[in-house]
Amino acid sequence: MTDQAIEVRPIAGALGAEIFGVDLAKPLSNAQFADIHQALLDHLVIFFRDQDLTIQQHKDFGRRFGPLELDRFVVPLEGHPEIMVVSKEPDEKRNFGNGWHQDVLFQEKPALGSILYALQTPPIGGDTMFANQYLAYESLSDGMKAMLDGLRAANTAEGGYGKATLAKNFDGQGRSIEIRRDRQEEAEREMLHPVVRTHPETGRKALFVCNAYTKRLEGMTVEESAPLLHYLYRHAVRPEFTCRFDWRKGSLAFWDNRCTQHYPINDYQGHRRLAHRVTVGGDRPT
């Protein structure tokens, strides 16, 4: 008996596709894995509906794409160090990752991608937006591309997990996501990556800076870097480069962190949102 072919339905012109015809609770055949992998490379972020996964099945799916990372700054699900619990309670005002970003850009080897599985969603709101960083680069002028060629940027977790940020945003709020307090010095270390990276599988170039983690350009001060970086931050998430996904319980999103940014929208006050995330380890950007 041959595998039923999956169906891929794009959801926007820039990126994003829903995948039908596969139950992720069951082991994937080699053919199914190849189709899903290709859909990820073609569409940058892929979505699955009506999945019913155990924690182990979620991890097994992620491991088909590579080793799973352990987050260094967020306390994981008890007994499952690979699982990040992404939650927001009805009385919380801030959501996790509130702003455009690429995951763990501050690491030596930023993530290949993340796989987020929705366990509870608000009745309305809570969408996530994604932005195509191939298009962001390709739409730049030749002069800007030449300027960016060879530039590197210093990235740091300071803005998300540093001492000042935690004191300002999270202390005393009873956050449902527990941030580790013993790694604040590590959060302030800088990691240099190219401003434009080449995707290791597709060979396409993509912008690789984000407002959440990029601090400055190599060899420049923060102030000197700001005009160019702020332009790139705005340019990278122009509406024509984006798609938007509406979550339901059982939805799963898998985004290629090497060529996308994402933004979880905080517009569901008074409602609970709960999801589990695994992250597939990546490579050193070039």
Side-chain angles (χ1 to χ4, degrees), residues 6-20 35-49 65-66 97-106 110-116 126-149 151 153 155 193-214 228-247 251-265 277 279-280 282-283 285-286:
I6 67 170
E7 182 182 358
V8 180
R9 299 180 193 170
I11 68 168
L15 77 168
E18 290 196 31
I19 307 296
F20 297 89
D35 287 345
I36 292 171
H37 185 202
Q38 190 60 53
L40 179 68
L41 295 180
D42 291 343
H43 298 281
L44 288 63
V45 55
I46 52 177
F47 309 102
F48 303 81
R49 296 286 193 186
F65 295 85
N98 185 30
W100 283 106
H101 65 282
Q102 285 159 298
D103 293 329
V104 296
L105 202 64
F106 46 80
L112 178 154
S114 294
I115 304 170
L116 189 66
D127 295 358
T128 302
M129 297 185 69
F130 298 87
N132 183 332
Q133 298 306 284
Y134 292 144
L135 291 182
Y137 171 75
E138 292 164 359
S139 63
L140 293 171
S141 67
D142 290 343
M144 179 61 77
K145 290 176 183 175
M147 182 187 300
L148 299 181
D149 184 35
L151 278 183
N155 301 280
H193 290 311
V195 172
V196 177
R197 75 169 295 177
T198 300
H199 195 289
E201 295 186 80
T202 67
R204 295 176 68 182
K205 291 184 176 182
L207 278 184
F208 203 61
V209 294
C210 71
N211 189 42
Y213 300 128
T214 303
L228 178 56
L229 286 177
H230 288 171
Y231 167 76
L232 294 177
Y233 300 154
R234 295 191 302 271
H235 173 79
V237 297
R238 282 165 46 179
E240 61 266 36
F241 303 156
T242 67
C243 72
R244 181 167 175 153
F245 182 66
D246 62 310
W247 293 90
S251 299
L252 182 144
F254 183 4
W255 59 89
D256 190 331
N257 194 61
R258 301 165 293 187
C259 54
T260 64
Q261 290 194 41
H262 59 283
Y263 182 1
I265 300 172
R277 192 183 89 182
T279 298
V280 183
D283 63 333
T286 59

Hey, which of I46, L44, I19 is the one that makes side-chain contact (heavy atoms from CB on, under 4.5 Å) with F254?
->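 The side-chain contact (heavy atoms from CB on, under 4.5 Å) with F254 is passed solely by I46 among I46, L44, I19.
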
Residue pair [X] / [Y], side-chain heavy-atom distance below 4.5 Å:
X: V45; Y: H262; result: no
X: T242; Y: W100; result: yes
X: V195; Y: L228; result: no
X: F48; Y: I36; result: yes
X: F106; Y: V104; result: yes
X: D256; Y: L41; result: yes

If you take all heavy atoms of [X] and [Y], which pair is closest and at what distance?
X: L105; Y: H193; answer: O-CD2, 3.1 Å
X: A236; Y: A131; answer: O-CB, 3.7 Å
X: A14; Y: E240; answer: CB-O, 3.3 Å
X: R9; Y: F20; answer: CD-CE1, 3.4 Å
X: F208; Y: P194; answer: CB-O, 3.6 Å
X: G16; Y: F47; answer: CA-CE1, 4.1 Å

Counting distance only, does the side-chain N/O of [X] pair as donor-acceptor with the main-chain N or O of [Y] below 3.5 Å?
X: N211; Y: Y233; answer: no
X: N132; Y: L15; answer: no
X: H101; Y: C210; answer: no
X: Q261; Y: Q133; answer: no

Which distance, rounded to the nearest 0.5 Å, do you find between the [atom1] of [X] and the [atom2] of [Y]?
X: T214; Y: Q102; atom1: OG1; atom2: CD; value: 7.5 Å
X: D42; Y: Q38; atom1: CG; atom2: CD; value: 4.5 Å
X: L112; Y: L40; atom1: CG; atom2: CG; value: 7.5 Å
X: H235; Y: F241; atom1: NE2; atom2: CZ; value: 4.0 Å
X: S141; Y: M147; atom1: OG; atom2: CE; value: 8.0 Å
X: R197; Y: D283; atom1: CZ; atom2: CG; value: 5.0 Å

Going through the checks in order, is the side-chain contact (heavy atoms from CB on, under 4.5 Å) test met by L116 and L252?
-> CA-CA 6 Å; L116 189 66; L252 182 144; over 6 Å; no

Who passes side chain to side chain donor-acceptor pair (under 3.5 Å) against T279, sequence neighbours left out?
->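 With sequence neighbours excluded, T279 shows a side chain to side chain donor-acceptor pair (under 3.5 Å) to S114, R277, given in chain and number order.
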
Which pairs, with at least one residue in residues 133-142 and sequence neighbours excluded, count as a salt bridge (Lys or Arg N to Asp or Glu O under 4.0 Å)?
->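 Qualifying pairs: E138-R204.
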
Would you please say whether a donor-acceptor pair under 3.5 Å links the side chains of Y134 and T202?
->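 The answer is yes; a qualifying pair exists.
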
With sequence neighbours excluded, residues passing salt bridge (charged side-chain N to carboxylate O under 4.0 Å, His left out) with R234 =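 Partners of R234 by the salt bridge (charged side-chain N to carboxylate O under 4.0 Å, His left out) criterion come out as none, since no residue qualifies.
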
Per the side-chain hydrogen bond (donor to acceptor under 3.5 Å, both in side chains) rule, which among Y263, W247, W255 passes with T128?
->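 In the set Y263, W247, W255, the residue that makes a side-chain hydrogen bond (donor to acceptor under 3.5 Å, both in side chains) with T128 is W247.
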
